[in-house]
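Since the structure comes first, as structure tokens, the remarks are kept for the end.
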Amino acid sequence: MTIKLVTFGCRLNTYESEIMRREAEAAGLDNAILVNTCAVTGEAVRQARQQIRRARRDNPDARIIVTGCAAQTEAETFSAMEEVDLVIGNTEKLQRESYARVADFGIDENEKVIVNDIMSVRETAGHLIDGLEGRARAFVQVQNGCDHRCTFCIIPFGRGNSRSVPMGEVVGQIRRLVENGYREIVLTGVDITSYGADLPGEPKLGTLVEKILKLVPDLERLRLSSIDSIEADDALMRTIAEEDRLMPHFHLSLQSGDNMILKRMKRRHSREDTIRFCQDVRRHRPDVVFGADIIAGFPTETDEMFENSLAIVEDCGLTHLHVFPFSPRKGTPAARMPQLERALVKERAGRLREAGEAALMRHLASEVGLTRRILVEREGLGRTEQFTETEIASGEPGTIVTARITGHSHRHLLAETA
């Protein structure tokens with residue numbers, strides 16, 4: 001073993017793990033395990049701790065370095081673990097000197113934690129990578145951090161305030177990836193619809209998307225990661241309507257379908273805003289599919305409020321749900337609100353997941369008989385333009401094949417080429 005990566009959480013973490021690998025290798029670090037953590041829920045932190053203990057049992061001589069959002073917000077939690085050699089912050093994990101220090105001088109027990117004040121970071125670099133190991137699509141970071149303070153969320157304290165990568169750097173990175181054979185690019189960040197507010201002229205995400213599609217004509221597919229629909233600008237809506245290379249799948253940072261809960265979450269959209277956005281997009285792109293993050297059992301959520309969240313699955317025509325049982329995060333306002341019984345939170349999460357499964361079944365059934373262009377991710381499996389997993393026997397990983405949907409397996413579509 002030289003360097004092994006263990007990554008939790010979002011697509012941005014996946015992207016950053018590849019940068020970590022490159023910088024650690026360039027620094028001469030070896031026999032090390034880098035654990036890139038997530039802080040979204042208490043369960044994510046628990047899983048990271050469990051994985052760290054397992055890594056130590058399996059690799060007693062390796063150096064274990066822990067980083068990511070949970071390491072940034074709970075450095076003392078990980079530094080107290082005897083299995084952990086070093087804890088570094090979200091800024092330090094992308095810097096070669098962090099790993100060079102370990103490679104050259106080892107780890108000083110008195111400097112087990114190297115975590116800066118993330119709120120002092122004002123810029124995000126456009127790290128250039130040639131791609132991601134074992135992936136047919138590539139992620140490109142366009143933004144980091146978040147200026148909003150949702151009452152349930154610890155992430156701004158792990159990522160800092162919103163910073164954008166200049167458009168020229170983003171376009172250059174995508175051009176390089178396309179030249180290296182990537183057919184699909186995913187724009188990623190913590191809050192990508194806030195893109196550009198800190199750049200000269202304050203360009204919006206829609207402007208960036210327009211520039212990418214214009215300046216990289218050989219890019220076949222462009223996809224957006226999770227978006228905040230209330231921040232969708234006119235240029236983005238225009239591009240959704242006019243540009244087929246922008247994939248018809250949008251994952252919404254929804255969180256709840258009830259207006260009072262949204263207000264208590266300190267979200268900036270209403271239930272009606274989300275429904276209107278989905279209707280507007282579907283009018284321009286009838287083949288669009290929506291995913292969404294929804295939190296079950298937020299503090300003070302009544303039965304009626306929960307029913308509104310349950311109903312919005314159908315009201316918006318959602319297909320791919322990420323359901324999170326509410327998890328109080330220390331230091332957030334929601335952790336101090338009146339909590340629901342854990343059994344009730346779990347029961348509501350289960351009902352939301354059932355609604356999501358039913359919505360997915362309807363979507364899978366509606367695809368049968370249609371022709372889709374499928375990006376093959378690995379042998380036998382790919383995704384349609386709508387990001388729906390599809391079993392397909394033909395096509396090399398990284399290629400796009402045109403195929404007819406012949407059925408589904410209750411989890412995946414089944415497709416055959418002509």
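This one's a predicted model, so the numbers in the text were calculated from it and none came from an experiment. All heavy atoms count here, side chains included; hydrogens, waters and symmetry mates do not. Residue numbers count from 1 along this sequence.
Between the Arg329 side chain and the Ala39 main chain, a donor and an acceptor come within less than 3.5 Å of each other. A donor-acceptor pair is defined here as one N or O able to donate and one able to accept, closer than 3.5 Å; no such pair exists between the side chain of Asp258 and the backbone of Ser309. Asn144 contributes no side-chain N or O that, together with a main-chain N or O of Arg163, makes up a donor-acceptor pair within less than 3.5 Å. Put simply, the side chain of Thr67 gets close to the backbone of Ile88: a donor and an acceptor are under 3.5 Å apart. Between the side chain of Gln143 and the backbone N or O of Asp191, at least one donor-acceptor pair lies under 3.5 Å. Ser79 contributes a side-chain N or O that, together with a main-chain N or O of Ala75, makes up a donor-acceptor pair within less than 3.5 Å. Although no hydrogens or angles enter the test, the distance criterion places no donor-acceptor pair under 3.5 Å between the side chain of Ser394 and the main chain of Ile392. In this structure, the side chain of Arg56 engages the main chain of Ala62 through a donor-acceptor pair within 3.5 Å. Remark: side-chain polar atoms of Arg372 are not paired, donor with acceptor, to backbone N or O of Ala403 under 3.5 angstrom. Ser229 places no side-chain N or O within donor-acceptor distance of the main-chain N or O of Thr274, the cut-off being under 3.5 Å.
Asp287 and Arg282 are not joined by a salt bridge, as no carboxylate oxygen comes within less than 4.0 angstrom of a charged side-chain nitrogen. Using a cut-off of 4.0 Å between Lys/Arg side-chain N and Asp/Glu carboxylate O, Arg404 and Glu416 are scored as not salt-bridged. Taking a cutoff of 4.0 Å between a charged side-chain nitrogen and a carboxylate oxygen, Asp315 and Arg271 qualify as a salt bridge. Between Arg137 and Glu377, at least one side-chain N (NZ, or NE/NH1/NH2) sits under 4.0 Å from a carboxylate O, which counts as a salt bridge. Ion pair Glu220/Arg373 flagged as a salt bridge, since at least one NZ, NE, NH1 or NH2 atom sits closer than 4.0 Å to an Asp/Glu carboxylate oxygen. Remark: Glu18 engages Arg21 in a salt bridge, criterion side-chain N to carboxylate O under 4.0 Å. Using a 4.0 Å cut-off between charged nitrogen and carboxylate oxygen, Glu385 and Arg221 do not count as a salt-bridge pair. Using a 4.0 Å cut-off between a side-chain N of Lys or Arg and a carboxylate O of Asp or Glu, Asp273 and Arg267 do not qualify as a salt bridge.
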Which is it for Leu222 and Leu219 under the side-chain contact (heavy atoms from CB on, under 4.5 Å) test, yes or no, and what are the steps along the way?
CA-CA 7 Å; Leu222 181 65; Leu219 172 63; 4.0 Å; yes
Evaluation steps, side-chain hydrogen bond (donor to acceptor under 3.5 Å, both in side chains), between Gln279 and Arg276:
CA-CA 5 Å; Gln279 290 173 341; Arg276 189 182 310 113; over 6 Å; no
Please step through side-chain contact (heavy atoms from CB on, under 4.5 Å) for the pair Gln386 and Val288, ending with a clear verdict.
CA-CA 7 Å; Gln386 291 78 13; Val288 72; over 6 Å; no
Candidate pair Val66 and Leu86, rule side-chain contact (heavy atoms from CB on, under 4.5 Å), full reasoning:
CA-CA 6 Å; Val66 181; Leu86 181 66; over 6 Å; no
Test side-chain contact (heavy atoms from CB on, under 4.5 Å) applied to Met20 and Tyr99, step by step:
CA-CA 9 Å; Met20 289 164 53; Tyr99 305 105; 3.5 Å; yes
Verify side-chain hydrogen bond (donor to acceptor under 3.5 Å, both in side chains) between Thr193 and Asp228, making sure each step is shown before the conclusion.
CA-CA 6 Å; Thr193 33; Asp228 205 337; 5.2 Å; no
Could you go step by step and tell me if Glu43 and Gln47 meet the side-chain hydrogen bond (donor to acceptor under 3.5 Å, both in side chains) rule?
CA-CA 6 Å; Glu43 175 63 16; Gln47 289 178 3; 3.0 Å; yes
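Counting heavy atoms from C-beta on, the side chains of Arg351 and Phe306 come closer than 4.5 Å. Between Ile155 and Val40, the closest side-chain pair of non-hydrogen atoms falls below 4.5 Å. Val401 is listed as a side-chain neighbour of Thr399, based on a closest heavy-atom distance under 4.5 Å. Contact check for Leu208 versus Lys204: no side-chain heavy atoms found under the 4.5 Å cut-off. The shortest side-chain heavy-atom distance between Thr319 and Thr388 does not fall under the 4.5 Å cut-off. Counting heavy atoms from C-beta on, the side chains of Val186 and Val140 never come closer than 4.5 Å. Side-chain contact between Asn31 and Asp61: present, with at least one pair of heavy atoms (C-beta onward) separated by less than 4.5 Å. Contact annotation: the side chain of Lys330 never approaches that of Ile154 to less than 4.5 Å [non-hydrogen atoms, C-beta and beyond].
In the model, Thr7 has no side-chain atom that pairs as donor or acceptor with a side-chain atom of Asn36 under 3.5 Å. Judged purely by distance below 3.5 Å, without hydrogens or angles, the side chains of Glu231 and Ser194 never pair a donor atom with an acceptor atom. In summary, the side chains of Arg49 and Thr77 do not present any donor paired with an acceptor at a separation below 3.5 Å, with no hydrogens or angles considered. A donor-acceptor contact closer than 3.5 angstrom is absent between the side chains of Arg53 and Gln50.
The CZ atom of Phe139 lies 10.0 Å from the OH atom of Tyr182; values are rounded to the nearest 0.5 Å. Atom CD of Glu23 and atom CG of Leu94 lie 8.0 Å apart (nearest 0.5 Å). The distance from the OG atom of Ser409 to the CG atom of Leu364 is 7.5 Å, given to the nearest 0.5 Å. Distance check: Gln141 CD to Ile192 CD1 gives 11.5 Å after rounding to the nearest 0.5 Å. Considering CD1 of Ile64 and CD1 of Ile33, their distance stands at 5.0 Å, rounded to 0.5 Å. Between Thr188 atom OG1 and Leu224 atom CG the span is 10.0 Å, to the nearest 0.5 Å.
Shortest non-hydrogen contact noted between Val345 and Gly297 is CG2-O, 3.8 Å. Across Ser226 and Asp293, no two heavy atoms sit closer than the pair OG-OD2, 4.2 Å. A pairwise comparison of heavy atoms in Met361 and Arg411 identifies CE-N, 4.4 Å as the closest pair. Scanning all heavy atoms of the two residues, the minimum distance from Cys69 to Asn90 falls at SG-ND2, 3.4 Å. Considering all non-hydrogen atoms of both residues, Leu318 and Ala292 come closest at CD1-CB, 3.8 Å. Shown here for Ser366 and Leu370, the closest heavy-atom pair between the two residues is O-CD1, 3.7 Å.
Legend: residues meeting ring pair (Phe, Tyr, Trp, His ring centres under 6.0 Å) with Phe387, ordered by chain and number and at least two apart, are His249.
When the shell of 6.0 Å around CD of Glu314 is examined, it contains 12 or fewer heavy atoms from other residues, nucleotides or ligands. Dense packing is recorded around CD of Glu97, with more than 12 heavy atoms of other residues, nucleotides or ligands lying under 6.0 Å away.
Relative to the ring axis of Phe157, Arg149 places its NZ or CZ within 45° and under 6.0 Å from the centre.
Under the 6.0 Å cut-off for aromatic ring centres, His322 and His320 do not qualify, their centroids lying 6.0 Å or more apart.
Each ring pair (Phe, Tyr, Trp, His ring centres under 6.0 Å) pair with one or both residues in residues 195-228, not counting sequence neighbours, would appear here, but there are none.
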